[in-house]
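Report on the structure given below.
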Number of protein chains: 2
Amino acid sequence: MVKKSIDLSTEEKILQGARKVFMTKGMTGARMQDIADEAGINKSLLHYYFRDKDKLFEMIFLKEAQKFFPRINMIFESGIPLFEKIQRFVHEYIDEMQQNPYLPWFVLNEIHRDPENFLYKVWGKDNLPRPQKFLEQIEQEVKKGTIKRISPLHLLMNLLSMTIFPFVARPMMERNLGLDELQFRAVMEQRKQEIPKFIIDSIKK
Amino acid sequence: MVKKSIDLSTEEKILQGARKVFMTKGMTGARMQDIADEAGINKSLLHYYFRDKDKLFEMIFLKEAQKFFPRINMIFESGIPLFEKIQRFVHEYIDEMQQNPYLPWFVLNEIHRDPENFLYKVWGKDNLPRPQKFLEQIEQEVKKGTIKRISPLHLLMNLLSMTIFPFVARPMMERNLGLDELQFRAVMEQRKQEIPKFIIDSIKK
DNA sequence: ACTTTTGTTGACCATTCGGTTAAACTATAT
DNA sequence: ATATAGTTTAACCGAATGGTCAACAAAAGT
């Protein structure tokens, strides 16, 4: 059969629907029926295309992860100066999360649900974050005396935390700080500047 | 009947078991059977003491939340100097999370699952975080010129993020940074000093 | 035209899970 | 002795949900 014509192929419709549902509800929260509805087909057909929920889930997430994490690793492992590296990391990460606001929550969710399976199967060996070079770079800068004495580990944690956490805790942030959707988006946009500035102010001599 | 003697009362056993199961698996993940097993009783008795899952859940979480959040609010709203306030906040918060490592994840989980119900019912009106005074204090310090010009909102976000995120993303942190349980605990203990230092270095003039 | 392959459907099945009910047993209080 | 509250056992209900199946429809191959 050839098909693949005017409207999206059924497979494509399923993937789009599944992505939407998985991203918002997580693996366990997602219902096969919801995905079928979202794709405008029936449940049996879902299983016809993707044997079961796990297979479908894997398909979705792998696609997403294998696009994003390599980009982050490239930044971590590149040879650019520390401050610029921090700026690029924050910029890239927040850009991604502005486009896929549910991604970080989704990742954490899956990690908590089944750490072994998720971290191995989905991050495989290539996608796994590799902060080693970044940590060494910080240590070198400290030794050169170009920045204050600071623990590379804590600096990395601070960087990750400030970048990712607001997206993970978004409903809490919005509620407790009185932000609507648009304002939240704007604040996150500001953070692309604010976070690097905050960090650099803290560690520069 | 009087009983209430040697071993814990059944009610107490249930509450302890429920707490453990809810904290690790969240509301939806928790099974009534698991809770019964954990308490060493059977499912019927569970429903005899607590009408249904929701009631039991509320009982557990309210107890936990109403102990902790008022303490945090007291710090935010107290009259102590900014830098000291930051130190106390971090110290108190990390202490709590060292004792209840699953609490932050648990809170986020429930917020995502059902924001309206959770935020209202559980935080009620008294437990709700009230960062207003803290934000104003930052603004005053900026105006007085005692700290650098910084957005109070972003500073608060940074503070919360750096303090809470590592606990929320714990499995990821441990795996990607190669920390075992003990090392993680030690690193978090260091953060009680590191975070305030990092912030103060960034904003002091 | 026919057969085979691929796509699609609705009905159905098995399991899980929260919750109920009824009957029996136990220990205490009166 | 009897009533009462606590506890167990076991069967059961109903809804939700992942997954299967047989039959039908549409293409594609011949």
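Predicted model, so just to flag it, every value in this text is computed and none were measured. All values below come from the heavy atoms of this structure, side chains included, with hydrogens, waters and symmetry mates left out. Letters A, B, ... mirror the listed sequences (proteins, then strands); counts begin at 1.
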Please state how far atom [atom1] in [X] lies from atom [atom2] in [N], giving the value in whole angstrom units.
| X | N | atom1 | atom2 | answer |
| --- | --- | --- | --- | --- |
| D34(B) | dG19(C) | CG | P | 14 Å |
| I35(A) | dT17(D) | CD1 | P | 12 Å |
| I14(A) | dT8(C) | CD1 | P | 8 Å |
| H47(B) | dC13(D) | NE2 | C1' | 13 Å |
| F57(B) | dG19(C) | CZ | P | 13 Å |
| E11(B) | dT7(D) | CD | C1' | 15 Å |
| Q33(B) | dA11(D) | CD | C1' | 14 Å |
| L45(A) | dG18(D) | CG | P | 17 Å |

Quick one: is [X] getting a side-chain N or O under 4.0 Å of the [N] phosphate, OP1 or OP2?
| X | N | value |
| --- | --- | --- |
| R31(B) | dT16(C) | no |
| R51(B) | dG19(C) | no |
| Y48(B) | dT7(D) | no |

Problem - Residue among F57(B), F22(B), F68(B) satisfying ring pair (Phe, Tyr, Trp, His ring centres under 6.0 Å) with F106(B) - result: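 Among F57(B), F22(B), F68(B), the one that satisfies the ring pair (Phe, Tyr, Trp, His ring centres under 6.0 Å) with F106(B) is F57(B).
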Starting the side chain at C-beta, find the nucleotide from [options] nearest to [X].
| X | options | result |
| --- | --- | --- |
| S44(A) | dT20(D), dA5(D), dT8(D) | dT20(D) |
| N42(B) | dT8(C), dG19(D), dT9(D) | dT9(D) |
| I41(B) | dT8(D), dG18(D), dT8(C) | dT8(D) |

Exercise for the section: Identify whether any heavy atom of A30(A) sits under 4.0 Å from a base atom; if not, whether one sits that close to sugar-phosphate; answer base, sugar-phosphate or nothing. Expected result: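 Sugar-phosphate only.
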Exercise for the section: Using a 4.0 Å heavy-atom cut-off across all strands, classify Y49(A) as base, sugar-phosphate, or nothing. Expected result: sugar-phosphate
Completion exercise
Between the CD1 atom in I41(B) and the CG atom in L46(B), the distance rounded to the nearest 0.5 Å is 5.0 Å
Practice task
May I ask you to check whether F167(B) and Y102(B) place their ring centers less than 6.0 Å from one another?
Solution key: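 Not close enough - the centres of the two rings lie 6.0 Å or further apart.
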Problem - Residues E64(B), R19(B): salt bridge by 4.0 Å N-O rule - result: yes
Exercise for the section: Could you tell me whether the side chain of K43(A) has a donor or acceptor atom within less than 3.5 Å of a complementary atom in the base of dG10(C)? Expected result: no
Practice task
Consider only side-chain N and O atoms of N100(B) and E96(B), and report whether a donor and an acceptor are under 3.5 Å apart.
Solution key: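 Yes, E96(B) and N100(B) have a side-chain donor paired with an acceptor closer than 3.5 Å.
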